[in-house]
Every structure is written in C-alpha cells, then in structure tokens.
Protein chains: 2
Amino acid sequence: MKKNKTVTIHDLARELNVSASTVSRALKEHPSIGKKTIQAVKELAQKRGYRPNRLAVSLRSQKSHTIGVMVPLINRPFISSLIHGVEEAAREAGYQVIITQSHDSYEMEKDNVQVMFDSRTSGLIVSLAMETENCEHFSPFLDNNIPIVFVDRVPEKMKCHKVSIDNYNAGFKATEHLIEQGCQRIAHFSGASHQNIYKERLRGYLDALEHHKLPVDESLILKGKVLSAEEAVNLTEYLLDLPSPPDGIFSANDTAAVSAIQYAKSRGVKIPEELAIIGFNNDPISMIIEPQLSTVSHPSVNMGKLAFKKALELIEPGEAAHIIKNQSIELDTDIIVRASSFRNPT
Amino acid sequence: MKKNKTVTIHDLARELNVSASTVSRALKEHPSIGKKTIQAVKELAQKRGYRPNRLAVSLRSQKSHTIGVMVPLINRPFISSLIHGVEEAAREAGYQVIITQSHDSYEMEKDNVQVMFDSRTSGLIVSLAMETENCEHFSPFLDNNIPIVFVDRVPEKMKCHKVSIDNYNAGFKATEHLIEQGCQRIAHFSGASHQNIYKERLRGYLDALEHHKLPVDESLILKGKVLSAEEAVNLTEYLLDLPSPPDGIFSANDTAAVSAIQYAKSRGVKIPEELAIIGFNNDPISMIIEPQLSTVSHPSVNMGKLAFKKALELIEPGEAAHIIKNQSIELDTDIIVRASSFRNPT
DNA sequence: AAAAATAACGCAATCGATTGTGTAAATGGA
DNA sequence: TCCATTTACACAATCGATTGCGTTATTTTT
C-alpha cells in the first residue's frame, strides 16, 4: 500500500532506523556522520527517488531561490527574448523563474506585485506597463529591501537599479543615419510620452536634427498609443497627405515601421528614394518586409542575462560587486542599415 | 530598529497580545473569533503590510499552487503565445507559472524535470524537446501522480493527457488547398521524423495526394533538421534544380516557407503562378512577406489556456470533469489563404 | 584503570501558516 | 444559585528540511 505521497527525509529515516537529522546530514556528507551511514542513506535516497522539497528548504533557509519577472506581454519578440536571457542566467545560478504579465495595465501590475511578494521571490525583474507612471506599488519589495531590477521600460526619476539601452543615443544615431541618407524632413513615430524610452528616443531625434541644423516640425512628431500596425497606417496616411510630406520616418518600433512601409508602398511611394524608413527593435519582420527594414538592434537576450546577474548580485552580494556599482546599466545599440533607408548617397 | 524581515503572523500576534492561531483565523473571519478581534487583526495586518507567506502555506497545505511549463525555447512566436495563454488561465485560478527551457535538448529537459519536481509544482505542461523520443525522464511526476499535460509536441505512443492540433487534418487540408489551386507536383518540408507533429502533417500530405490521385514522389519530401531559414534555402535550391521542379510547397513551418519564397523570388520564380507555397503556424512574418504567405493557423493562446485548464482539472478534480474525459484534445486549425498560394483558378 | 577525547548520532527548535483539541470566561436556563 | 452552553481564544502538532546542542558509546591518553 504505497501512499500517494512523495518521499521525505523522514521516510528514509524510518526505513533506516536513524533520525531525520542524520539523513539530512548524510545527504550532504556532514563530517560527523559515519561513512557507512552516508553510503546507506544515499543509496536509499537514490532508490526511492528522494528529492528535497524546495518549499521546505526555502522556508527554513529564508531563501526562495526564485526570481520574479514582470513584463507587459510575454509574446512580443523583444520581451520573449528578454525572458529567454533571464531564464538562462537563472538556471545557471540555480534559480527558478516565475512570470507574470501586466498586459500594460497599471492595476494588473499592482496585483502582480502582490502575487510576487506572496511568493517571496528573492528578487524582481520588471519591465513597466505602458500605463505605469509611478512606482509606489512596488512598496512591498522596496520596504522589505528585496531587490528590484528594472529593465527596458524603466522608471524615469526613481533612484533604482536599471538595465536599459541608451535610448537617447539610439534615437540620435537613427535620425542621423536618415540625415546622412539625405533626408531633410524626418517624421518620428513615438509612444506614450511618460515612458522614458520614448521620451529619450524623441530627445535623440530632436538633438540630431538640431545638430545637423534641420528645423523641427512639430507636425511630424506623432505619438501612437501603442504603436500598433493599425495606428501606423493612420499616422502614415496623415503624413503622406501633408502639403509637404516627410522624406524620412524614424519609428520607435518595427511594427509601426513595417506597417508604414506597407501603406506607403500601397500609395506608390518609393522606398527609400522618396521615403526612407528606420525602425526599432530588430524584430524578425524587419528582415522579411520589402524593402528590408533598417532598424536599431537591442541586445535583448543579453539584457535579460544582465538583469538577472544584477539582481543576483543584489541578492547575494559577492565578489562581482562592481556590476552593481552603477545603479544603471546602459547598453549600446547598433544601427542596422538595410534597404528601407539606404540611398547610397556617395 | 526595524529588523529587515517581512511581517509574519506571529509579529501581528505579539503586537496584539493574541496567539498566532487567532490571527490566522481572524484573517479569514473564522466564526469562532470575536468581531473586535477580527477587526483589530485586519487593521494591523493592513497597516503592517502583512501578506501570507506562500511558501509556508504551500508546505502546510501540500499544495504549491504552481504550474510548471517546459518548452523548447521561449522566444518563438508560437511558444510565447502558448505561454501567454497558460499564464492568463493560471492567473485567474491563482496559480503561479514557473518556466524552463529545454533548448530542444533531451538532457536539459531531463534536468528541468528534476528542477520542477523539486519545486513541487502541482502540475506540468510540456512541449517536448526536438531530441526527445521517450518520456521515461518524467518518472518523478508520473510515479507520484502529479499531472502532466503535453501540448503541441506530444508523445506519440504514450497514454497521457495531450492538447494538440489535428496535425493530420491540417496537413491534409493544406495539401488539398494547393491541389485545388492546380498544383500537380507538391513538395513537402518536414521536420524530425520521430516528432509526432511532423509525422502527422506528412501523413496528411500523403493522404491528400492519394485522395486526389496524385503520385507521391519521395524526392519531393524533404526533412529539415530544425526547419530553419538557412535550411530552407538549401532545400528550395535543391527543388528548383530538379529536372522537373515542383509547382507547390507545403512547409511544416512558416520560417522555412518564407525563406523559400525569398529564395525562389531571387531565382525569378513567380509565386504563386509557378510555385505556390503554404506554411504552418501563422507567424507574424507570414503577413509581411511578399506575396503574403498562406498558412495554417494554430489557436496557440487558446492551446495554452486549455492545457492549463486540463491540468487544473487533474489537480483539483471538480465539476468540469468532462474536459478531461478524453485524454487527448485535438483542436481544429484554419487554412489561411493568402497570395502565396492563391491562383484564383475559376 | 580512570579520565579525557572523539566519533556518531538523536532531540528539539526553527521557518510561517494552519487546524484539531482543550479551556477559561461569559451567558443562558432552571 | 448551580449546571449547561456558548463564546473566544490558546496550545500544540503539522508540513519537510535544517542545525545547535546534548548524549551515548568507543577509543585514546596518561
């Protein structure tokens, strides 16, 4: 009559007529346990398929060895790559990854914080919901000194640990690239203006124009709500219908950029000759669209790994303390020039 | 001097001069606790930001309320959508989602089973690694009667709970579609032959040919190792160089199909007139390629939800027992006809 | 041979929450 | 007024693993 229960240390102890503490010590070869006992315990453990209950270990040791990941939506190319990176780094360190989605909703993000806290995750890796404008809802973690590492969509003002890309520089470089290709009137697709990443890309865009002595035309700066393909069609239509339409577009994501290409092509606009376009993220679709989309590439998997490593360093401060010396890590981006913007102006 | 420790039920008890059990009962409004006590406990709990420790609850109740998800790679469109579905359903049910990747490696999948078991997940949702050919490594779960639900890449022979699509039918329909468009020599890109999904799609393909009295040409059935874009270039090159090249391709994934379109176009082959192509998965890239790729659409998010619901029903058998009545759930697919295969043969 | 040292292990507390059982005080009825 | 309920709570065990401390034997030392 096997009970339908997993084997515990007590089961082994009973079977060997020793105490549970002896079994526990034997399994980790504690010096005060006799060799034959160790041998016997290990053999039986193997035989019975004993595996330590992580819940019990966590409770006792006060360490859950679990990292929480909160993202807007899992199934976006950039996000899933990020998680991929987190998971790899976490596995190497023996940590479990728990995931929740905010669906870009502030309320849901708030709920998720509770859920994560309830699970006593050792740390939290967060990419903010689009709606989120402050970080008070993270207080359970902040008050209890549980490390939070923000990634990509990071809080603007708050003093905290961040891993992101240099959005300003990326925006500058992308815009400058279009200028170098001969663009004179460059439009910009931006996102929610309270989100740092869009603000910074916009700032880079503006500075690039200024640096190259091009005038800023406010009517060319368009803010999408979520920068979807549908929105991009409308925005592009608006632009092309302007008395003097732009000759370049810098879009804050690839989805919108690709959509813009498709719509512009349908209107017979030649790309990149009449309209040069560059996107952001280096999504798979950027290589499929015709002409292929120039874009800014994220080191997304690496960002995930770095975020975890940073969190780990905060959880278990060790020799690699230099990693966290700077609160913020800003990674470089690469401009990937493809046909959608390359005019070969030599 | 606040200790850097999270508030427990005992802290509240001490502060209110009651026992921990009273606090525990008060928090859930147990009838044997006085109203003022309940009131006082709740207020203090709120004030101190008390939250039950899920680890302790799980250990005590022997229910982790955690579901494990094991997939080959998170950052693939289909997989991340699947996880998205699991996460949504899990959140509604108050379950946590723990994720691991097998990287399509059998060994890593084996390790992950241990890790998941150690965490005492209430159940497991698995999409098999490409390498995996048997399921003995799931014994920790099977032996302890912890539910496993396989999804998409499911074991072929094993008696187990599965959620998948009707791959045979999908293969049949996709092939038949090409036939209806006038194709006479249809090639097929398949995957690892021990993987059920590819075997079934192939079977559907073969039956469709037979049903329409078309000859089977073994040289047109090509098995990719991972069906990558690179592989597809080679396969397509081979096909186009045949003495009598095919006039249609049914690819078991979109990645290869899109790559085939790109290569064929580069060779000046007209699509769909000279070569009609249909893919599988309805990845985002399928809508971006030109001509747009016909494909077979998965209800991927829904598959994730169903997989979780099935797991939940196995974990907590309830009124919805009909869901698990059948070991296997096979979902229907839709043929999405786009320009890459539409010849309008009327 | 007696005392000291060592080896090998058991006991019990702990982590945080839950729950069956016990018990004191308060209330009720006769 | 005395017994019987009811109310409102405390005690202690439990979940599984860990660990400081104590306790036997056995061996070594003097």
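Proteins get letters first, then strands, A, B, ... in listed order; numbering begins at 1 in each. Side chains are part of it too, since the values below use all heavy atoms of this structure and drop only hydrogens, waters and symmetry mates.
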Study note, to complete from the structure: B/S/- along nucleotides 22-27 of chain C (protein heavy atoms under 4.0 Å) is ------
Review point. Excluding sequence neighbours, so at least two apart, what forms side chain to side chain donor-acceptor pair (under 3.5 Å) with B/Glu156?
Key: B/Lys199
Revision key, fill the gap. Across all chains, not counting sequence neighbours, the side chain to side chain donor-acceptor pair (under 3.5 Å) partners of B/Ser164 are none
Check your understanding: So, does the side chain of A/Arg14 form a donor-acceptor pair with the base of D/dG16 at under 3.5 Å?
Key -> no
Point to revise | side-chain contact (heavy atoms from CB on, under 4.5 Å) against B/Ile99, all qualifying residues, sequence neighbours excluded | key: A/Ile99, B/Val69, B/Ile74, B/Ile83, B/Val97
Review point. With sugar-phosphate meaning primed atoms plus P, OP1 and OP2, does B/Ser61 contact a base, only sugar-phosphate, or nothing at under 4.0 Å between heavy atoms?
Key: nothing
Please tell me if [X] has a side-chain N or O lying less than 4.0 Å from either OP1 or OP2 of [N].
X	N	result
A/Thr22	C/dC9	no
B/Thr8	C/dG16	no
B/Ser24	C/dT18	yes
B/Lys5	C/dG16	yes
A/Tyr50	D/dG16	no

Measure [atom1]/[X] against [atom2]/[N] and give the value in whole Å, please.
X	N	atom1	atom2	answer
A/Gln62	D/dT19	CD	C1'	14 Å
A/Leu55	C/dA17	CG	C1'	13 Å
A/Ile9	D/dT14	CD1	P	17 Å
A/Arg54	D/dC15	CZ	P	23 Å
B/His10	D/dC11	NE2	C1'	12 Å
A/His30	C/dT6	NE2	P	17 Å
B/Leu59	C/dT19	CG	P	13 Å
B/Arg60	C/dC15	CZ	C1'	14 Å

Check your understanding: Taking B/Lys305 for the side chain and B/Glu88 for the main chain, is one N or O donor matched with an acceptor at less than 3.5 Å?
Key -> no
Check your understanding: Where each residue is assigned the nucleotide of DNA chain D containing its nearest heavy atom, which of B/Ile38 and A/Lys28 is assigned the position nearer the 5′ end?
Key -> B/Ile38
Check your understanding: Given that B/Thr37 and A/Val7 both sit by DNA chain D, which one's nearest nucleotide is further toward the 5' end?
Key -> B/Thr37
Point to revise | Verdict with reasoning, A/Phe117 to A/Phe138, per ring-ring contact (aromatic ring centres under 6.0 Å, His included) | key: CA-CA 9 Å; A/Phe117 181 73; A/Phe138 289 108; over 10 Å; no
Revision key, fill the gap. For A/Arg48, the salt bridge (charged side-chain N to carboxylate O under 4.0 Å, His left out) test, sequence neighbours excluded, returns A/Glu15
Practice item. For B/Leu73 and B/His103, work out which heavy atoms get closest and say how close. Key: CD1-ND1, 3.6 Å
Point to revise | Closest non-hydrogen atom pair between B/Pro52 and B/Val57, with its separation | key: CB-CG2, 4.5 Å
Point to revise | The single option from A/Glu43, A/Lys35, A/Lys36 passing side-chain hydrogen bond (donor to acceptor under 3.5 Å, both in side chains) against A/Gln39 | key: A/Glu43
Revision key, fill the gap. Rounded to 10°, the helix from C/dA1-D/dT30 to C/dA30-D/dT1 deviates from straight, judged by its five-pair end axes, by 60°
